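What follows is a single structure, written as structure tokens, with notes after it.
What's counted below: heavy atoms across the whole structure, side chains too, no hydrogens, waters or symmetry copies. No experiment lies behind these values; they were computed from the predicted model shown.
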Amino acid sequence: MPWISNSPSPSAAARAVSRRRRPFARAVKQSPPVIQKFLPPPPSPELSSDAKVSAFCAAVAEFSRCRPASPLPSPGSSPSRRHPSAYNALMTSFSRSGDADEVIRLFRELMLWHPIPNALCYNTLINSLAVANRYDHVDKLFDEMVASGVAPTTASYTILLKSRSFDPNFIEYAYKLIPLMVQSGCQPDTSSYTMLIAGLCRARRMDEAWGVLDQMVEDKLLPTVQSYTCIVQGYCSEGRIKEAKRLVARMEGIGCPPDVVTHGILIEALCEAGEFHEVEKLLMESEKKGWKPNEVIYNIYMNGFCKAGKIDESFRLLEVMLTNELHPTIVTLNILFECLCRDSKVWEAKCLLERSAQLGWDPDVFFYNSLMSRFCKMNELVCVLKLFNDLFKKGINPDSCTFTIVIRSLCKAGMLRRAKCLFSNSSFAADVVAFNTLLHEFYRAQEFNEVRALYIKMISENIIPNKFTYCIMIDTLCRERRYMDAIDCFLRSLMIGFFPDLVIRLNNWLVKAGKLREILNLAEGLLCRGLVIDVSVFSALIRALCKEGYCKSNDLDRVCLLLERMLGMK
DNA sequence: CTAGGGTTAG
């Protein structure tokens with residue numbers, strides 16, 4: 001397999017494992033049947049007549065019956081001279097279907113006939129790359145556009161904002177970009193402002209998001225459903241459901257009634273909070289309130305039930321969906337598939353996947369990930385690797401999630417080196433989660449040098465560490481008693497945001513080691529950056545003081561000074 | 001051409 005360099009293939013790994021298991025299997029064969037019930041059930045060769053399995057099959061049948069005919073022209077058709085607007089229409093179409101590579105190809109082809117494409121074409125291209133998270137290309141292409149004398153439009157800038165809206169440094173970027181935008185004669189429009197609001201909400205800066213909304217009104221731009229929906233989502237992701245509900249209610253009053261998207265966000269949050277009755281109520285009132293639940297709404301609701309372990313309810317919703325003449329989508333199938341996996345029907349799920357072609361659906365990477373993730377939890381490494389193999393055989397591209405599952409499975413079986421090999425392969429686009437997974441495993445194995453090396457690799461590959469990464473690094477440094485480095489590491493984490501639980505964690509290490517001076521350094525580091533010292537840091541100080549012997553501490557003056565500053569006396 | 005929602009991983 002091409003993605004593993006100089007290392008045995010997964011099938012070899014699978015063989016190695018099954019070799020190791022063979023004596024065990026033999027032993028079981030000869031022992032009384034009582035032991036056999038501790039073994040996983042063998043994969044069932046035939047589909048069982050289980051009600052949920054047949055419901056899933058019915059959903060598949062409905063899915064394949066209602067599948068639209070391919071709306072797209074086949075990629076790679078021979079170049080022919082087309083008008084730029086025809087190219088743009090084609091590119092938009094491929095961009096919407098998520099095929100950024102085909103958009104790039106079309107753009108290149110367009111340049112053969114029209115060496116300087118117009119702003120619209122550039123926008124479409126850049127947007128498709130932004131959607132595909134290919135940020136480096138976004139910036140390069142924008143510069144290229146400007147360099148070739150094509151004036152960016154307001155939409156160009158909005159796309160730039162979008163490409164950064166998940167970046168931890170979004171706000172700084174946006175506040176730099178907007179003046180530039182105005183300077184070049186592009187006034188921010190409703191969509192630019194909405195993008196700004198979306199980014200602020202993602203960064204949990206709700207007050208500022210409201211501020212932008214006020215600014216919009218001042219600029220005589222009316223906020224739209226989209227603008228408010230971003231804020232609803234901001235509240236929901238912070239768990240502030242009451243405020244989200246209140247805002248949704250208020251939207252009706254100000255002539256901006258919440259639509260199906262707004263409700264989807266609210267329903268997802270309600271499900272997560274276990275307020276399923278509230279969801280039911282919203283659905284009952286939907287007609288009266290002027291919105292109509294679509295497939296996505298049911299998917300969200302079904303997924304909510306699935307996550308809460310209410311598998312029967314998920315399948316009940318499938319029936320409701322069908323009676324409302326809504327067709328299952330590939331996402332619906334995936335959620336139901338996940339339900340089967342959770343409902344101890346893993347082996348049936350495996351069987352379903354094996355017969356997908358016969359049943360009438362093309363499983364995508366999500367189906368494989370769901371099943372592999374289940375097998376990973378069950379320590380069924382061989383099954384994981386076999387599915388990983390099947391995926392390649394079918395020509396499905398694994399995503400970073402697939403790799404994370406494989407890495408976890410390998411690590412769980414004690415094969416850390418093999419997991420590391422996956423990382424050395426260039427075709428594996430590791431993301432933060434994948435890195436965190438392996439980092440965590442090396443940490444658990446106390447291979448701190450490997451942790452460090454991997455962290456350096458991560459930085460060099462421009463993967464921005466997140467909270468979990470810093471957590472592992474802080475733990476690692478503390479385990480090595482490098483407390484000052486741990487503090488430095490924490491202070492670096494402030495670049496991506498302030499996480500109180502990281503402070504608490506670091507403090508616990510410092511207290512445990514009786515590192516009073518380091519606690520003071522940390523507290524001062526926080527204060528001089530204008531951050532509020534949490535009560536946990538305060539109590540950690542007291543605890544460390546007690547441990548050290550209050551009177552003996554030479555640092556008492558510094559503690560008092562800190563406490564005074566905390567209380568706002570100085 | 002551009003703004004808000006759904007499935008998987010730590």
Side-chain angles (χ1 to χ4, degrees), chain A residues 85 88-89 91-92 95-96 118-128 130-131 152-163 165 188-199 201-202 223-234 236 258-269 271 294-304 306-307 329-339 341 364-374 376-377 398-409 431-441 466-469 471-472:
Chain A
S85 69
N88 199 29
M91 283 160 61
T92 307
S95 172
R96 287 201 182 130
N118 61 26
L120 265 69
C121 293
Y122 264 112
N123 287 352
T124 308
L125 173 67
I126 298 174
N127 181 55
S128 76
V131 172
T153 64
T154 297
S156 318
Y157 287 103
T158 305
I159 294 165
L160 282 189
L161 282 178
K162 174 160 102 179
S163 78
S165 66
D189 63 4
T190 324
S191 64
S192 328
Y193 274 113
T194 302
M195 213 50 257
L196 186 55
I197 293 171
C201 290
R202 271 172 208 146
T224 59
V225 199
Q226 283 96 329
S227 328
Y228 288 109
T229 302
C230 291
I231 298 188
V232 171
Q233 191 172 35
C236 287
D259 62 9
V260 62
V261 178
T262 324
H263 281 103
I265 292 165
L266 189 59
I267 288 172
E268 193 190 354
C271 286
N294 60 9
E295 294 87 349
V296 178
I297 293 288
Y298 280 97
N299 288 348
I300 294 170
Y301 195 11
M302 281 166 84
N303 187 47
C306 176
K307 288 249 173 75
T329 66
I330 193 79
V331 178
T332 319
L333 294 184
N334 188 259
I335 294 165
L336 291 173
F337 192 78
E338 170 77 18
C339 280
C341 290
D364 58 13
V365 69
F366 290 113
F367 288 88
Y368 280 91
N369 286 350
S370 296
L371 192 54
M372 286 166 72
S373 152
R374 226 57 221 173
C376 173
K377 287 202 176 92
D399 59 10
S400 59
C401 187
T402 319
F403 282 105
T404 305
I405 297 167
V406 175
I407 285 160
R408 265 189 71 73
S409 305
D431 67 352
V432 210
V433 184
F435 269 104
N436 286 350
T437 305
L438 195 55
L439 278 171
H440 185 70
E441 292 295 341
N466 67 13
K467 195 177 108 174
F468 294 103
T469 322
C471 187
I472 298 165

Would you indicate what [X] reaches in the nucleic acid, counting non-hydrogen atoms under 4.0 angstrom: base, sugar-phosphate, or nothing?
| X | value |
| --- | --- |
| A:Arg202 | sugar-phosphate |
| A:Thr402 | nothing |
| A:Ile297 | base |
| A:Asn303 | sugar-phosphate |
| A:Glu295 | nothing |
| A:Val232 | nothing |
| A:Thr329 | base |
| A:Thr92 | sugar-phosphate |
| A:Asn118 | nothing |
| A:Thr262 | base |
| A:Asn294 | base |
| A:Val225 | base |
| A:Lys307 | sugar-phosphate |

Nucleotide of [options] approaching [X] most closely (side-chain heavy atoms):
| X | options | answer |
| --- | --- | --- |
| A:Ile265 | B:dG5, B:dT8, B:dT7 | B:dG5 |
| A:Val433 | B:dG10, B:dT7, B:dG4 | B:dG10 |
| A:Phe468 | B:dG5, B:dG10, B:dT8 | B:dG10 |
| A:Cys401 | B:dA3, B:dT8, B:dC1 | B:dT8 |
| A:Arg96 | B:dA3, B:dT2, B:dT8 | B:dT2 |
| A:Phe366 | B:dT8, B:dA3, B:dG4 | B:dT8 |

Separation of A:Ile159 CD1 from A:Ser192 OG (nearest 0.5 Å):
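The OG atom of A:Ser192 sits 10.5 Å away from the CD1 atom of A:Ile159.
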
Report yes if the side chains of A:Phe337 and A:Leu371 come closer than 4.5 Å at any heavy-atom pair, otherwise no.
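Yes - at least one pair of side-chain heavy atoms lies under 4.5 Å apart.
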
4.5 Å side-chain heavy-atom contact, A:Val131 and A:Arg96
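A side-chain contact is absent here, since even the closest heavy-atom pair is not under 4.5 Å.
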
Assess, by modelled atom type and distance only, whether the side chains of A:Asn118 and A:Asn88 contain a donor and an acceptor separated by less than 3.5 Å.
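No.
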
Calculate the interatomic distance between A:Ile405 atom CD1 and B:dT8 atom P; express it in whole Å.
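Rounded to the whole Å, the gap is 11 Å.
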
Is any side-chain nitrogen or oxygen of A:Lys377 closer than 4.0 Å to OP1 or OP2 of B:dT8?
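The answer is no; no side-chain N or O of A:Lys377 sits under 4.0 Å from OP1 or OP2.
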
Is the phosphate of B:dT2, meaning OP1 or OP2, less than 4.0 Å from a side-chain N or O of A:Lys162?
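False: A:Lys162 side-chain N/O out of range (4.0 Å or more) of B:dT2 OP1/OP2.
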
With sequence neighbours left out, what residues match A:Tyr301 under ring pair (Phe, Tyr, Trp, His ring centres under 6.0 Å)?
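Ring pair (Phe, Tyr, Trp, His ring centres under 6.0 Å) list for A:Tyr301, sorted by chain: A:Phe305.
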
Sequence neighbours left out, what passes side-chain contact (heavy atoms from CB on, under 4.5 Å) with A:Gln226? Give chain and number order.
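A:Gln226 satisfies side-chain contact (heavy atoms from CB on, under 4.5 Å) with A:Thr194, A:Thr224 only.
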
For a quick check, tell me whether the side chain of A:Thr229 and the base of B:dG4 share a donor-acceptor pair closer than 3.5 Å.
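Between B:dG4 and A:Thr229, which were checked side chain against base, a qualifying N/O pair under 3.5 Å is present.
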
